[in-house]
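The structure appears below as structure tokens.
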Amino acid sequence: MLRFAPSPTGDMHIGNLRVAILNYLVAQQRHERFIIRIEDTDKARNIEGKDTEIMQILEKFALKHDSVSHQSENLHMHQMFAAKLLEEGKAFVCTCTAEELEIHREKAKEQKIAYRYSGQCMDVDKKELALLKENGIPFVVRIKKPSTQIINHDLIKGDIVTSPNEVDSFVILRTDGTSTYNFACACDDMLSDVDFIIRGEDHLSNTPKQMHIKTQLGFTKETIYAHLPIILNNEGKKMSKRDDASSVKWLFEQGFIPDAIANYLLLLGNTKAPKEIFTLPEAIEWFKLEDISKSAARFDLDKLRFINREHLKMMKDKALSSLFGFADENIGKLAKIYLEEASTISELENKIKPIFTPKQFEGEWAEQMRIMEKIIADAPMIDTFDEFKSYIMEKSGLKGKYFFKPLRLLLTGAEHGPELSEIYPLIKSYLLEIAS
RNA sequence: GGCCCCAUCGUCUAGCGGUUAGGAUCCAUGGUUUUCAUCCAUGUUACCGGAGUUCGAGUCUCCGUGGGGUCACCA
């Protein structure tokens with residue numbers, strides 16, 4: 001069982017998307033189920049509607065899933081598990097206040113050592129719980145730190161050993177009774193029998209904590225972990241919301257298509273890809289998680305542009321034309337010609353749109369354009385560009401650049417562009433509309 | 001600062017003890033194109049440093065250095 005567990009606290013991040021794609025891919029390869037779990041336990045940071053937005057993006061990438069759930073629905077289960085740990089003496093009640101902890105934290109910072117929980121509530125008798133509740137004294141529940149080191153045989157990062165002190169006795173239930181991330185995550189993974197976890201490298205230090213929780217809860221099934229190296233921005237820092245390219249929404253707005261984005265994300269850090277341009281279904285055939293490089297990779301927009309163009313080239317003509325509001329194979333073919341000088345849908349749009357918008361009869365060539373417009377309006381339907389060219393030339397008496405420049409302007413709305421002889425056959429059925 | 005991870009062209013990477021260190025992208029130049037581009041050809045650019053092991057090290061070991069991640073009652 002695999003899962004994708006995003007939190008609805010912001011725009012879908014490119015790193016999250018990569019995690020989703022990889023989980024889906026591995027689920028397909030292993031013929032296992034793939035579920036979505038929205039991690040909405042932080043009520044304050046949840047943003048209304050982000051969950052559906054995430055689902056829409058998954059839809060666009062055709063990442064089929066078996067079910068969707070919200071983590072908050074499982075709260076009572078988390079509390080039950082916490083009570084079990086408390087009962088078995090594997091967790092304890094802690095009444096340290098935020099202020100007290102803050103003092104310890106600052107002290108640790110001054111001494112330049114890592115902050116660790118003092119352990120001062122560790123031996124509080126569980127019978128006191130009732131008393132605390134009775135008197136309305138706020139408390140949290142902490143799990144006792146492990147007694148031995150924890151080893152994670154990470155599929156990508158290799159064996160990672162963590163000492164008990166690094167895991168620490170951390171909070172699993174907050175003052176308000178809700179579960180913290182690590183606890184909720186471990187419980188839910190356990191409950192849905194998730195045994196293959198692919199996620200970002202930033203979760204590497206959470207892994208021993210979650211392994212510890214599951215062990216204490218008596219879950220013996222071995223979970224395979226794979227931690228993906230993070231994606232860096234141009235400055236070599238972790239991509240954050242500040243980086244435009246980190247937002248999937250932004251990439252869509254820029255005119256990148258899902259197939260290309262998925263291709264790029266799968267290629268990033270991949271050491272054994274048999275080719276550079278491929279689709280997700282193709283990648284399912286050969287992709288190996290173990291072949292992902294251990295080191296972080298920079299996001300390179302130029303490379304994405306290249307891949308996007310290649311995928312645009314592979315699109316069916318009619319489908320491509322629909323991106324510009326047509327259902328005409330010829331317009332798709334026209335767009336492909338313009339792919340010579342464009343890499344994204346929006347760049348393509350900037351080339352195609354001027355062809356179909358009324359022309360500006362001004363500037364150096366205005367007079368010649370007027371002449372040609374009139375000739376075309378009265379001309380019969382002409383099949384080939386050669387005949388068309390001869391016809392206009394003869395009627396107008398123009399030649400050389402005094403002929404080609406204004407003709408190009410009249411037909412395409414641009415001074416430069418692909419060969420008119422290639423464009424003409426594709427737009428001739430719209431000629432009257434265009435040449436005006 | 002503690003812990004953990006990483007280190008080959010600007011970028012993504014190949015290399016798994018002996019190579020003229022390869023590919024892709026980007027960039028530059030030339031040719032083709034009555035335009036810009038495409039296309040074709042060509043080219044610039046890389047093994048973080050230092051010890052050690054070895055006949056021989058980008059490749060193995062150690063130590064530096066650099067970069068990154070993470071250290072919450074966030075996820």
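Letters go in sequence order (proteins before strands), and every chain restarts at 1. All values reported here derive from a predicted model rather than from experimental measurement.
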Could you identify the nucleotide paired to [N], looking across every strand shown and requiring Watson-Crick or G-U wobble geometry with both distances under 3.5 Å?
{"N": "B/U44", "result": "none"}
{"N": "B/U35", "result": "none"}
{"N": "B/C3", "result": "B/G69"}
{"N": "B/U25", "result": "B/G10"}

Once base and sugar-phosphate atoms are separated, protein heavy atoms under 4.0 Å mark nucleotides 69-75 of chain B, 5' to 3', with B, S and - as SSSSBBB
In B/S/- notation (B base, S sugar-phosphate only, - none; protein heavy atoms under 4.0 Å), nucleotides 24-32 of chain B written 5' to 3' is BSS------
Reckon [X] touches a base, only the sugar-phosphate, or nothing at all at heavy-atom distances under 4.0 Å?
{"X": "A/Lys405", "value": "nothing"}
{"X": "A/Gly200", "value": "nothing"}
{"X": "A/Gln111", "value": "nothing"}

message: If you assign A/Glu235 and A/Pro418 each to the RNA chain B nucleotide with the nearest heavy atom, which residue ends up on the more 5' nucleotide?
response: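 Closest to the 5' end, via its nearest nucleotide, is A/Pro418.
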Legend entry - Options B/C12, B/G2, B/A7, nucleotide nearest the side-chain atoms of A/Arg298: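 That would be B/C12.
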Find the distance [X]:[atom1] to [N]:[atom2] and express it as a whole number of Å.
{"X": "A/Lys351", "N": "B/U38", "atom1": "NZ", "atom2": "P", "answer": "11 Å"}
{"X": "A/Leu334", "N": "B/U38", "atom1": "CG", "atom2": "P", "answer": "18 Å"}
{"X": "A/Leu301", "N": "B/C12", "atom1": "CG", "atom2": "C1'", "answer": "14 Å"}
{"X": "A/Tyr225", "N": "B/C5", "atom1": "OH", "atom2": "P", "answer": "17 Å"}

Does the distance from a Lys or Arg side-chain N to an Asp or Glu carboxylate O, for A/Glu201 and A/Lys157, drop under 4.0 Å?
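Yes.
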Under 3.5 Å, which donor-acceptor pairs link side chains of residues 83-92 of chain A to any protein atom two or more places apart or in another chain?
| from | atom 1 | to | atom 2 | distance (Å) |
| --- | --- | --- | --- | --- |
| A/Glu88 | OE1 | A/Lys90 | NZ | 3.1 |
| A/Lys90 | NZ | A/Gln216 | O | 3.1 |

ask   = Relative to each other, are the rings of A/Phe183 and A/His78 parallel, tilted or perpendicular (30° and 60° limits)?
value =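 Geometry flag for A/His78 against A/Phe183: perpendicular rings.
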For the residue pair A/Tyr181 and A/His203, does the interplanar ring angle fall in the parallel (under 30°), tilted (30 to 60°) or perpendicular (over 60°) class?
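The rings of A/Tyr181 and A/His203 sit tilted, inter-plane angle from 30° to 60°.
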